[in-house]
Each structure stands twice: as C-alpha cells, then as structure tokens.
Protein chains: 2
Amino acid sequence: MSRTIRTDGPIPVYVQIADYIAADIKAGRIKPGYAIPSETSMVQEFGVARDTARRAVQHLRDQGLVRTIPHRGTFVEPVDAAE
Amino acid sequence: MSRTIRTDGPIPVYVQIADYIAADIKAGRIKPGYAIPSETSMVQEFGVARDTARRAVQHLRDQGLVRTIPHRGTFVEPVDAAE
DNA sequence: CTGTATTTGTTCGTATGTATT
DNA sequence: AAATACATACGAACAAATACA
C-alpha cells in the first residue's frame with residue numbers, strides 16, 4: 001500500500017486521507033459497523049497533525065460513509081447509508 | 001522549589017514539566033527504579049490537563065530517562081540508559 | 001474472592017495560536 | 001482574505017490492568 005501524502009499538489013491532505021479510508025470502506029476492507037482508524041492512528045500512519053486527521057473524518061462524515069460516536073470511535077455506516 | 005509553569009513564553013508547558021522531572025532525576029531526587037509522579041499527580045501539582053502531563057512523560061521517554069509500565073507507572077531508567 | 005483505588009490506555013470534543021498557501 | 005496544516009492545551013468519558021485491603 002502506497003498511501004503517500006502529497007503536500008505539493010492541489011488536493012488537501014485531509015481529502016487524500018479521507019479518500020484512502022473511503023477506498024478501504026468501498027473495497028470492504030473495513031466493514032459496516034466496524035471502526036475506521038482513530039485520529040491518533042491516522043496521525044501516526046500518515047504523519048499529519050491531529051487537526052488534519054479530524055478534517056479527514058469530517059470529510060467522511062460529510063459523505064455519509066461513517067458515523068462518529070463520541071469517545072468511542074468512528075464507524076462505517078451500512079452500505080445504503082451513503083447513497 | 002519554584003516549579004512555576006509559564007504559558008506566555010516559547011517553551012511548551014509539557015517541556016517545562018519534563019524538565020522539572022528530569023532535573024529531579026539527574027539530581028538523584030528520584031532514583032533509578034523508582035517511579036516519577038503519576039499523570040494525575042502532575043495534573044494536580046502543576047495545574048495542567050492530563051494531555052499535557054502525558055506529553056511530559058512522553059518527552060522523558062523520548063530522552064530515554066524513563067520507561068513506562070502500563071497500569072503501573074513510569075520508572076527511572078538506570079543512569080547509563082540515557083546516553 | 002470481592003470490591004475499591006490507582007494508574008495508564010484510548011478515544012473524541014473544543015479552542016487557540018502560528019505559519020503557509 | 002480564506003483555507004489548509006501543524007502544534008499546543010484543556011475537557012471529558014470510558015476501558016483495562018494492577019495492587020491491595
């Protein structure tokens with residue numbers, strides 16, 4: 001898995017991260033009801049600030065792909081929820 | 001012992017706390033094998049958030065001065081471990 | 001064996017300041 | 001000016017392991 005983050009291009013870092021996770025969801029690598037990586041693990045995995053990781057999660061929420069439960073995590077929605 | 005925390009300067013609070021504890025270690029006030037103050041006690045003593053106390057401990061770990069045992073505490077390493 | 005207290009682990013929420021683009 | 005990104009800091013909730021009475 002490349003999962004390279006580019007800061008020199010036109011695509012915001014948070015969108016790039018969200019896209020990676022969205023791809024995981026759509027490919028079934030993270031199934032409905034299961035948690036996506038925590039903000040902290042995104043920070044570690046992608047080497048970004050937590051602020052950026054949060055934006056990525058927000059982006060996924062905006063697309064209806066996930067739902068966050070405070071202090072628990074962010075979970076993949078049922079497949080039909082993102083339509 | 002002053003141990004004043006300054007929030008108006010350029011030195012992060014967590015670094016200031018770590019420096020205080022590092023000084024205690026280097027002065028022999030906390031000996032190898034013994035525990036440094038818990039996160040909770042740092043919160044109380046310095047009036048900071050736990051997040052900040054944890055950063056201070058992390059900073060000490062990064063310097064090789066201490067080692068954390070989960071659910072037990074954080075302990076001073078042997079003197080030669082920090083070289 | 002059974003609680004209770006202590007301690008670190010983990011997670012998201014919120015805010016501020018700075019720098020860069 | 002506005003959006004993006006990083007770093008710092010405080011809050012809050014709950015989990016889990018450990019230690020001990």
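In what follows, every chain begins at residue 1, and chains take the letters A, B, ... in the order their sequences are listed.
Using a 4.0 Å heavy-atom criterion, one finds that Val57(B) contacts no nucleic acid atom at all. Using a 4.0 Å heavy-atom criterion, one finds that Thr68(B) contacts the sugar-phosphate atoms exclusively.
Taking atom CD of Gln44(B) as the reference point, atom P of dC10(D) lies 15 Å away to the nearest angstrom. Atom-to-atom, CD1 of Ile69(B) to C1' of dG9(C) comes out at 15 Å; the value is rounded to the nearest Å. Atom CZ of Arg6(B) and atom C1' of dA9(D) are 18 Å apart (whole Å). Atom CD of Gln58(B) and atom P of dA9(D) are 14 Å apart (whole Å). Across the protein-nucleic acid pair, Arg54(A) atom CZ and dA7(D) atom P stand 17 Å apart, rounded to whole Å. In this entry the distance linking CE of Met42(B) with C1' of dT7(C) reads 12 Å, nearest Å. Here the C1' atom of nucleotide dG13(C) and the CZ atom of Arg61(A) are 10 Å apart, to the nearest Å. One atom, CD of Gln16(A), and another, C1' of dT4(D), lie 12 Å apart when rounded to the nearest Å.
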(message) Using the rule given for side chain to side chain contact (heavy atoms under 4.5 Å, CB included), can you reason through Gln58(A) versus Leu60(A), listing the C-alpha separation, both sets of side-chain angles and the distance that settles it, and then say yes or no?
(response) CA-CA 5 Å; Gln58(A) 179 63 58; Leu60(A) 292 167; over 6 Å; no

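Sequence order on DNA chain C of the closest nucleotides to Glu39(B) and Asp51(B) puts Glu39(B) first from the 5' end.
For dA9(D), the OP1/OP2 oxygens have no side-chain nitrogen or oxygen of Arg55(B) closer than 4.0 Å. Distances shown here put a side-chain N or O of Tyr14(A) below 4.0 Å from the OP1 or OP2 atom of dT4(D). The phosphate of dA19(D) has OP1 or OP2 within less than 4.0 Å of a side-chain N or O from Arg72(B). In this structure, Ser38(A) reaches the dT11(C) phosphate: one of its side-chain N or O atoms is under 4.0 Å from OP1 or OP2. The shortest distance between the side-chain N/O atoms of Thr52(A) and the OP1/OP2 oxygens of dC6(D) is below 4.0 Å.
Arg61(A) and Thr68(A) form a side-chain donor-acceptor contact under 3.5 Å, judged by distance and modelled atom types alone.
Among the nucleotides dA13(D), dT8(D), dG13(C), the one closest to any side-chain atom of Arg50(B) is dA13(D).
Within 3.5 Å, a donor on the side chain of His71(B) pairs with an acceptor on the base of dT8(C), or the reverse.
Side-chain N or O atoms of Gln16(A) include one that pairs as donor or acceptor with a backbone N or O of Ile11(A) at under 3.5 Å. In terms of modelled atom types and a separation under 3.5 Å, the side chain of Tyr20(B) and the main chain of Thr4(B) share a donor-acceptor contact.
Side-chain contact between Glu39(A) and Thr74(A) is absent, with no heavy-atom pair separated by less than 4.5 Å.
The partner of dA17(D), taking Watson-Crick or G-U wobble pairs whose two distances both stay under 3.5 Å, is dT6(C).
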